[in-house]
Visitor: 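What follows is a structure written as structure tokens; I'll ask about it next.
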Amino acid sequence: MCGIAGYIGQRNAVEVVLDQIERLEYRGYDSTGVAFQSPEGLKVLKRAGKLGQLRAVVADERPEAFVAIAHSRWATHGAPNDLNAHPHFDQEGTVAVIHNGIIENYLEIKEELTRAGHVFQSETDSEVAAHVIGLEYGEGISLEEAVRRAVGKLEGAFGFVVISMREPGKIVCSRNASPLVLGFGEGENFIASDIPALLPYTRRVAILDNDMVALVTKDGISAMRSDGQAVELAPFDVEWDIASAEKGGFEHFMLKEIHEQPDVVRQCLAGRLGQEEMTLLGLFSDHVWHDIDRVNIIACGTAYHAGLMGKTLFEKMLRLPTDVYFSSEFRYNDPLLSPKSLAVFVSQSGETADSLAALRLCKERRIRTLGIVNVVGSSIAREVDRVLYTQAGPEVSVASTKAYVAQCLVLYLLGLHIAQVKEMPGVDVRKGLKAVRGYPDAVQEALELESAMQEAAKKFLDAPLVFFLGRGADANVALEAALKLKEVAYVPTQECPAGEMKHGPLALIEEGTLAVVGATQANTRDKLASNISELQARGGHVLGITTKDDGLIPGVSDTVAKIPATGDWYLDALLSVVPLQLFSYYMALYRGCEIDQPRNLAKSVTVE
Ligand code: M6R
């Protein structure tokens, strides 16, 4: 989740790497730092807080360097302060190192080095790694060889970038689990932890694989495996335009990404729909789907909520038993895994540490794995047996919106695919395809509820607690809508299936309490109407979200938002998230919150 940047070439290297770090701000961070080669030697400047604080120090120094590395840190070991910020020096000040991830054996190494006389300036595991690299960098040893030897001694997840004055024309980097991307230029080259940081400079990139060490000079990039064997990198051209990684006229990335959703749906469906049939390329052979007896969906946060939609769909439509697990719980509970089961990993970033750990457990147990992932070439995408990309484009806002819609849509397409392969008599694949074909327009129409959601947000701005309720698939969406409100507007929420209210949570309803009630599921509307009466009888105010063809809920809600009816229960429920995303956005806006980077959160959670 920390940001990494590296540059070597003819430009002002410090300016380049700070610009790269700025483009990674969405990842969340609490301090920043930069190292560069100056006439006086290797120099490090670092500051706790936002990038502006570092920029102020840099402005005083006016560095003119051709080699620089920079980092934005999200604290894992030690408080977010100046000393713990990266880069770190080794004992002799020969190398400067930035690091993403966690070194699991750092304490024992630190104790050993302390006994040998090493002095540490910070509390971080990263500084320990810098000392290990420095120790390996003995006479006659190249920087890349020193890094290769050092990473052999370190356990855990890492992405390192290292520079030294002893070999001024080099940047060396290495990774294990934490992502690193290499950018190729003309007479200049780049390193970053994520592609958007490279896009203003180059589209030619290569993903550094696990257990690789790369040597980056201004004239080229070469790589070797941890055993010292040279490997060929596989550069490719990134097709995203820079504008798609910028705000495009909206005040925040979150709002931009909500508005992108009609296009996201189009991109997600692209190449996958025929008139009669659908095509999901790269999946298992048809006979495998007949063999699968159970699905386990494993994910975190919003992706977990998409997984719940998948469960409801697979069980209702395919009669295929499906469980959904939080990745962070999965491997510690000795999961019962049928050898014929399929484990599905849903992840926007493809780098979430808990999900990766769960994936590795499934692989150890030789369970079939499938990823539903947004970031191409990410760790989960590369480690699963098969991958379906959500094709949602880069999601910058920490709060996931368009990725959720795309994840749920891919699960829907997967459901139709399985039904098609198994020729399930009760499933009308053609009807599903028709509904999905009209979905971009339905999402566009749902976005027209923006001003209604603005009004609702103004009205309930100071609500101390907001309920999110629904039944069936609407109860799944309620969880996601509640998470959005919590994470961007910092409003406490209570979410549960509406029928559960009278088993306890109803005690919290009092005069003026807001309950947002999803009511797209026609089969439970009668029951839901009774639940609404129970809320209103205790003074609750009900904001109902339902389809335009519903004749019941608008009559019993205090306020109502109507979305188009798609003719499909799953797609209707999913559509209801669109006005609710807008509601959270405006609640956050009016409450003055930092919308794209909510406090305490990061975009990609790469530590367990
Ligand atoms: O990258 P992933 O989809 O694996 O991330 C999972 C969660 O960390 C993520 O969905 C998180 O809950 C979002 N901030 C929610 O908006």
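Sequence positions, counted from 1, serve as the residue numbers for this chain. Computed over heavy atoms, backbone and side chain alike; hydrogens, waters and symmetry mates excluded.
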Visitor: Are the side chain of Q597 and the backbone N or O of A602 linked by a donor-acceptor pair below 3.5 Å?
Guide: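 No: the side chain of Q597 does not pair with the backbone of A602.
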Visitor: When you check the side-chain N and O atoms of Y106 and E155, is any donor under 3.5 Å from an acceptor?
Guide: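 No, E155 and Y106 have no side-chain donor paired with an acceptor closer than 3.5 Å.
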Visitor: What verdict does the salt bridge (charged side-chain N to carboxylate O under 4.0 Å, His left out) test give for K363 and E383, after you've listed the backbone C-alpha separation in whole Å, the side-chain angles of each residue and the deciding distance to 0.1 Å?
Guide: CA-CA 9 Å; K363 298 215 76 164; E383 292 189 29; over 6 Å; no
Visitor: Please tell me if the side chains of E25 and S72 come closer than 4.5 Å, counting only heavy atoms from C-beta onward.
Guide: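 A side-chain contact under 4.5 Å is absent here.
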Visitor: With no hydrogens and no angle check, is any side-chain donor or acceptor of D211 less than 3.5 Å from a backbone partner on S226?
Guide: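 Pair absent, no side-chain N/O of D211 close to backbone of S226.
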Visitor: Just to verify, what does K484 make a salt bridge (Lys or Arg N to Asp or Glu O under 4.0 Å) with, not counting sequence neighbours?
Guide: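 Partners of K484 by the salt bridge (Lys or Arg N to Asp or Glu O under 4.0 Å) criterion, ordered by chain and then number, come out as E480, E487.
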Visitor: Check this for me: does any side-chain nitrogen of one of E145 and R148 sit under 4.0 Å from a carboxylate oxygen of the other?
Guide: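 A salt bridge is present here (some side-chain N lies under 4.0 Å from a carboxylate O).
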Visitor: Measure from the side-chain N and O atoms of S327 to the backbone N and O of A299, and report whether any donor-acceptor pair falls under 3.5 Å.
Guide: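 Yes.
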Visitor: Quick one: does any side-chain atom of Q37 pair with a main-chain N or O of S164 as donor and acceptor, under 3.5 Å?
Guide: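 Flag set: sc Q37 to bb S164 pair under 3.5 Å.
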Visitor: Can you name the side chain to side chain donor-acceptor pair (under 3.5 Å) partners of D209, sequence neighbours left out?
Guide: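 Here the qualifying residues are R382.
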Visitor: Look only at the side chain of K170 and the backbone of T217, and say whether a donor-acceptor pair between them is shorter than 3.5 Å.
Guide: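 Side chain of K170 to backbone of T217, a donor-acceptor pair under 3.5 Å: no, none is there.
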Visitor: Just so I know, are the side chains of N81 and S31 near enough to count as touching, which here means a heavy-atom distance under 4.5 Å?
Guide: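 The answer is no; the side chains never approach within 4.5 Å.
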Visitor: Set out, in order, the CA-CA distance, both residues' side-chain angles and the distance that settles side chain to side chain donor-acceptor pair (under 3.5 Å) for N100 and H71, then state yes or no.
Guide: CA-CA 9 Å; N100 279 0; H71 188 260; 3.0 Å; yes
Visitor: Is it the case that the side chains of T124 and N84 hold a donor-acceptor pair, with the cut-off being a distance below 3.5 Å and no angle test?
Guide: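 Judged by distance alone, the side chains do not pair up.
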Visitor: Quick one: does V16's side chain get under 4.5 Å of Y201's, heavy atoms only?
Guide: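 With C-beta onward as the side chain, the pair touches.
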Visitor: Is the closest side-chain donor-acceptor distance between E351 and S379 under 3.5 Å?
Guide: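 There is such a pair between these side chains.
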Visitor: If I compare all heavy atoms of S584 with all of M254, which pair ends up nearest, and what's the gap?
Guide: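 It is CB-CE, 4.5 Å.
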Visitor: Find out whether I171 and V161 are in side-chain contact, i.e. whether some heavy atom of one side chain is under 4.5 Å from a heavy atom of the other.
Guide: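 Touching, per the 4.5 Å side-chain cut-off.
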Visitor: Specify the closest pair of heavy atoms between A403 and Q348, including all atoms of both residues, with the distance to one decimal.
Guide: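 Here A403 and Q348 meet closest at CB-CG, 3.4 Å.
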Visitor: Do T493 and K486 have side-chain N/O donor and acceptor atoms under 3.5 Å apart?
Guide: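 Short answer, yes.
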Visitor: State, yes or no, whether a side-chain contact exists between L18 and L51 at a heavy-atom distance under 4.5 Å.
Guide: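 The answer is yes; the side chains approach within 4.5 Å.
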Visitor: Among Y332, F330, Y304, whose ring pair (Phe, Tyr, Trp, His ring centres under 6.0 Å) with Y325 holds?
Guide: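 Testing Y325 for a ring pair (Phe, Tyr, Trp, His ring centres under 6.0 Å) against Y332, F330, Y304 leaves exactly one candidate, F330.
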Visitor: Of the non-hydrogen atoms in V132 and A150, which two are nearest, and what is the gap between them?
Guide: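 Shortest heavy-atom separation between V132 and A150 comes out as CG1-CB, 3.9 Å.
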Visitor: Are Y404 and Q581 close enough, and set up right, to give a side chain to side chain donor-acceptor pair (under 3.5 Å), and what steps lead you there?
Guide: CA-CA 11 Å; Y404 171 75; Q581 292 167 342; over 6 Å; no
Visitor: Looking at every non-hydrogen atom in both residues, tell me the closest pair between F184 and T202 and how far apart they are.
Guide: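 That would be O-OG1, 2.6 Å.
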Visitor: Show, in sequence, the C-alpha distance, side-chain angles and deciding distance for S400 and T302, and conclude whether the side chain to side chain donor-acceptor pair (under 3.5 Å) test is met.
Guide: CA-CA 7 Å; S400 191; T302 287; 4.8 Å; no
Visitor: Report yes if some heavy atom in the side chain of H131 is under 4.5 Å from a heavy atom in the side chain of F120; otherwise report no.
Guide: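 When only atoms from C-beta onward are counted, F120 and H131 do touch, with a gap below 4.5 Å.
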Visitor: Could you tell me whether the side chains of Y137 and D90 share a donor-acceptor contact shorter than 3.5 Å?
Guide: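 The criterion, which ignores hydrogens and geometry beyond distance, is not satisfied for D90 and Y137.
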Visitor: Below 30° counts as parallel, above 60° as perpendicular, anything between as tilted: where do the rings of H252 and Y585 land?
Guide: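 Perpendicular.
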Visitor: Side chains of S122 and E127 only: does a donor on one sit below 3.5 Å from an acceptor on the other?
Guide: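 Looking only at side-chain atoms, E127 and S122 do form a donor-acceptor pair, the distance falling under 3.5 Å.
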Visitor: Less than 4.5 Å apart, side chain to side chain, heavy atoms only: is that true for L154 and F160?
Guide: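 Sidechains of F160 and L154: in contact.
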Visitor: Under 3.5 Å, is there a donor-acceptor pair between the side chain of Q261 and the main chain of I258?
Guide: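 Answer holds: yes.
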Visitor: Of E22, E61, E15, which is the lone residue that meets salt bridge (Lys or Arg N to Asp or Glu O under 4.0 Å) with R55?
Guide: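 Only one of E22, E61, E15 forms a salt bridge (Lys or Arg N to Asp or Glu O under 4.0 Å) with R55, namely E22.
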Visitor: May I ask you to test the V34-P87 pair for a side-chain heavy-atom distance under 4.5 Å?
Guide: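 Of all side-chain heavy-atom pairs linking P87 with V34, none is under 4.5 Å.
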Visitor: Is it true that E260 and K402 have a side-chain N and a carboxylate O under 4.0 angstrom from each other?
Guide: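 So E260 pairs with K402 through a salt bridge.
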Visitor: Would you say S193's side chain and I4's backbone share a donor-acceptor pair under 3.5 angstrom?
Guide: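 Yes; at least one donor-acceptor contact below 3.5 Å.
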Visitor: Can you name the closest pair of heavy atoms from R166 and T94 and give their distance?
Guide: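 Looking at all heavy atoms of both residues, the shortest contact is NH2-CG2, 3.8 Å.
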Visitor: Salt bridge or not for D237 and R203, using N-O below 4.0 Å?
Guide: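 Here D237 does not pair with R203 in a salt bridge, since their nearest N and O are not under 4.0 Å apart.
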Visitor: On the six-membered ring of Y490, is R599 placed so that its NZ or CZ lies under 6.0 angstrom from the centre and within 45° of the ring axis?
Guide: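 Positive - R599 is close enough to the ring of Y490 and near enough to its axis.
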Visitor: Provide the closest heavy-atom pair for V57 versus R47 in the form atom of the first, atom of the second, distance.
Guide: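 The pair with the smallest heavy-atom distance is CG2-NE, 3.5 Å.
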Visitor: Whether E251 and K256 form a salt bridge (side-chain N of Lys/Arg under 4.0 Å from carboxylate O of Asp/Glu) is what I want to check.
Guide: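 Salt bridge between K256 and E251, a charged N being under 4.0 Å from a carboxylate O: no.
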Visitor: Is the side chain of T352 donor-acceptor paired with the backbone N or O of S355 at a distance under 3.5 Å, no angle test?
Guide: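 No, the answer is negative, given that no donor and acceptor are paired below the 3.5 Å cut-off.
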Visitor: Where does the angle between the aromatic ring planes of H99 and H86 fall among parallel (under 30°), tilted (30 to 60°) and perpendicular (over 60°)?
Guide: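 Because their plane-to-plane angle is under 30°, the rings of H99 and H86 count as parallel.
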Visitor: Considering residues, nucleotides and ligands other than K458, do more than 12 of their heavy atoms fall under 6.0 Å from its NZ?
Guide: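 Result for NZ/K458: enclosed.
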Visitor: Quick check: does any side chain N or O of Q391 sit under 3.5 Å from a backbone N or O of Q267, one acting as donor and the other as acceptor?
Guide: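 Such a contact is found between Q391 side chain and Q267 backbone.
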Visitor: Could you go through E188 and Y7, starting from their C-alpha distance and side-chain angles, then the distance that decides it, and tell me whether this counts as side chain to side chain donor-acceptor pair (under 3.5 Å)?
Guide: CA-CA 7 Å; E188 59 180 359; Y7 174 77; 2.6 Å; yes
Visitor: For the atom pair CG (L208) and CG (L233), what is the distance rounded to the nearest 0.5 Å?
Guide: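 Between atom CG of L208 and atom CG of L233 there are 7.0 Å.
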